[in-house]
Number of protein chains: 2
Amino acid sequence: MSQKAVGVDLDKSLGYLLKEASSALRVAMEEVLRPLGMSVTHYACLELLAQRPGLSNSELARGAFVTRQSMNVLLQTLEREGQVTRPAEAPVGKALPARLTPHGRRSLEKATVAVRSVEDRMLAGMTEAEQSGAFRILESMIHSLRKGDDGA
Amino acid sequence: MSQKAVGVDLDKSLGYLLKEASSALRVAMEEVLRPLGMSVTHYACLELLAQRPGLSNSELARGAFVTRQSMNVLLQTLEREGQVTRPAEAPVGKALPARLTPHGRRSLEKATVAVRSVEDRMLAGMTEAEQSGAFRILESMIHSLRKGDDGA
DNA sequence: TGACTCATGTCAGGATTCTGACATACATTG
DNA sequence: CAATGTATGTCAGAATCCTGACATGAGTCA
């Protein structure tokens, strides 16, 4: 590590920087989640369910930025492990509302502490103003990027 | 699409927002790169080589945020397609410096136009000051996140 | 010089995710 | 009511990426 390692400064476009930041966040989260036997998508699913009980598989998939097929295999695993429950019959339509079990809630609690520490570290050295600025800027990027997607 | 779709606003932590923005950027890039038969990693590799000729496989992997194994299979494909060349013998050590062929450079040119349009769209509606603010903030996040990683 | 450490390229195996496809359920529209 | 469009859950196959491992080359230090 004493040699220049990457040296890839590029001219650092904002797109590249965004990818770099996202990658760094993912790595950091995997690091603290691994001792808990949990992946990032795994955590995201639980967190989503805690904040929005009754979300369907497809909604969870969109919220975790994976396909509904991937989320489905994860949900099946979580059901088998007793962290999540889904009714056998859909109350309306085909969507099966998923909910956390007490066991799932306990798993999430430990994970939340770990993830919170990562986020705190990420925000370290940023003022309140900078944080709200980052908030607005990221939302602006998302909005602008999606504008052209559904227009196709 | 007329119904509320996801509804997952969460309380939108900055971490979630970062992941969301990165996902949106990836989707948008895949969309414009697909007609050119190119993936995001594929493009990243070419762009890296254009800006830093002679980068090794491992350096390219770090720059594109994938493992060196993944980058290696990509490089083998690109070599077979004649977009990239690597010497048979390492001039020093084991690192094989990769370079773009004229063919690879032409592929990159078309891709760059496409990617640039995505980035321009992403930056639309942001002032110069906001862009440089985003720059500083993202770099701050990356720096803070990496601080604890190598300390393990 | 010899032992140690680090980085690299590469091979093999496994895990994860995605693409494609199908049947079902509801809303909309004629 | 019937037809269409949209959304959902799920199955199967393929593609992608990663983890683990090994041998080689270079630098460091006793």
Side-chain angles (χ1 to χ4, degrees), chain A residues 1-8 19 22-23 26-27 29-31 33-34 37-45 54-80 84-98 150, chain B residues 1-8 19 22-23 26-27 29-31 33-34 37-45 54-80 84-98 150:
Chain A
M1 199 65 87
S2 59
Q3 48 205 65
K4 62 174 173 164
V6 188
V8 180
K19 187 174 178 181
S22 179
S23 169
R26 162 169 289 269
V27 167
M29 285 183 64
E30 283 171 348
E31 191 165 332
L33 252 20
R34 191 174 311 122
M38 206 178 288
S39 74
V40 175
T41 305
H42 186 153
Y43 161 75
C45 176
L55 245 37
S56 72
N57 173 44
S58 290
E59 289 171 319
L60 287 168
R62 280 194 293 267
F65 310 106
V66 296
T67 62
R68 60 184 197 271
Q69 290 89 337
S70 296
M71 182 55 74
N72 197 34
V73 314
L74 173 59
L75 272 183
Q76 287 171 355
T77 302
L78 294 181
E79 271 187 303
R80 202 172 339 143
V84 167
T85 51
R86 278 192 294 181
E89 300 268 318
V92 56
K94 292 194 68 180
L96 301 173
D150 38 84
Chain B
M1 199 67 85
S2 58
Q3 48 205 63
K4 62 174 170 160
V6 187
V8 181
K19 187 174 178 181
S22 179
S23 168
R26 162 169 289 269
V27 167
M29 285 183 65
E30 284 171 348
E31 191 166 331
L33 252 21
R34 191 174 311 122
M38 206 178 288
S39 73
V40 175
T41 304
H42 186 153
Y43 161 75
C45 175
L55 245 37
S56 73
N57 174 43
S58 290
E59 289 170 319
L60 287 168
R62 281 194 293 268
F65 311 108
V66 296
T67 61
R68 60 184 196 270
Q69 290 88 337
S70 295
M71 182 56 73
N72 197 32
V73 315
L74 173 59
L75 272 183
Q76 286 172 355
T77 302
L78 293 181
E79 270 188 303
R80 200 171 337 137
V84 166
T85 52
R86 278 192 294 180
E89 300 268 317
V92 55
K94 292 193 67 177
L96 300 173
D150 38 83

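As the structure is a prediction and not an experimental result, all values here were calculated from the model. Reminder, nothing fancy here: chain letters follow the sequence lines and each chain counts from 1. For the numbers below, each heavy atom of this structure counts, side chains included, while hydrogens, waters and symmetry mates do not.
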Atom [atom1] in [X], atom [atom2] in [Y]: separation rounded to 0.5 Å?
X: A:R62; Y: A:S56; atom1: CZ; atom2: OG; result: 6.5 Å
X: B:E31; Y: B:R26; atom1: CD; atom2: CZ; result: 14.0 Å
X: A:K19; Y: A:S22; atom1: NZ; atom2: OG; result: 9.5 Å
X: A:C45; Y: A:L74; atom1: SG; atom2: CG; result: 5.0 Å
X: A:L33; Y: A:Y43; atom1: CG; atom2: OH; result: 8.0 Å
X: A:L75; Y: A:R80; atom1: CG; atom2: CZ; result: 11.5 Å

Rounded to 10°, the helix from C:dT1-D:dA30 to C:dG30-D:dC1 deviates from straight, judged by its five-pair end axes, by 30°

With DNA chain C as reference, determine whether A:K94 or A:V66 sits nearer its 5' end, using the nearest nucleotide of each. A:V66

Can you see if the side chain of [X] gets near the phosphate of [N] - specifically, an N or O under 4.0 Å from OP1 or OP2?
X: B:R86; N: C:dT10; answer: yes
X: A:T67; N: C:dT17; answer: no
X: B:S70; N: D:dC18; answer: yes

Calculate the interatomic distance between [X] atom [atom1] and [N] atom [atom2]; express it in whole Å.
X: A:R62; N: C:dC18; atom1: CZ; atom2: P; result: 14 Å
X: A:N72; N: D:dC11; atom1: CG; atom2: C1'; result: 10 Å
X: B:E79; N: C:dG9; atom1: CD; atom2: C1'; result: 12 Å
X: A:L75; N: D:dT8; atom1: CG; atom2: C1'; result: 13 Å
X: B:L74; N: D:dA15; atom1: CG; atom2: P; result: 16 Å
X: A:L96; N: D:dG9; atom1: CG; atom2: P; result: 6 Å
X: B:E89; N: C:dT8; atom1: CD; atom2: P; result: 19 Å
X: A:M71; N: D:dT10; atom1: CE; atom2: P; result: 13 Å

All heavy atoms of B:G54 vs all of B:E59, minimum pair found to be O-OE1, 4.5 Å

Compare every heavy atom of B:P91 with every heavy atom of B:A95, then report the nearest pair and how far apart it is. O-CD, 3.9 Å

Would B:R86 and B:Q76 count as a side chain to side chain contact (heavy atoms under 4.5 Å, CB included) if you check the C-alpha gap in whole Å, the side-chain angles of each, and the deciding distance to 0.1 Å? CA-CA 10 Å; B:R86 278 192 294 180; B:Q76 286 172 355; 4.2 Å; yes

So B:S56, base contact, sugar-phosphate only, or nothing? Heavy-atom distance under 4.0 Å. sugar-phosphate

For DNA chain D, whose closest nucleotide is more 5', that of B:T41 or that of A:Q76? A:Q76

So which one's nearest nucleotide on DNA chain D is more toward 5', B:G93 or B:F65? B:F65

If you restrict it to nitrogen or oxygen atoms, what contacts under 3.5 Å exist between nucleotides 20-22 of chain D and the protein, and what is each distance?
| unit_1 | atom_1 | unit_2 | atom_2 | d |
| --- | --- | --- | --- | --- |
| D:dG20 | O6 | B:Q69 | NE2 | 2.9 |

Look at the side chain of A:N57 and the backbone N and O of A:L96, then say whether any donor-acceptor pair between them is shorter than 3.5 Å. no

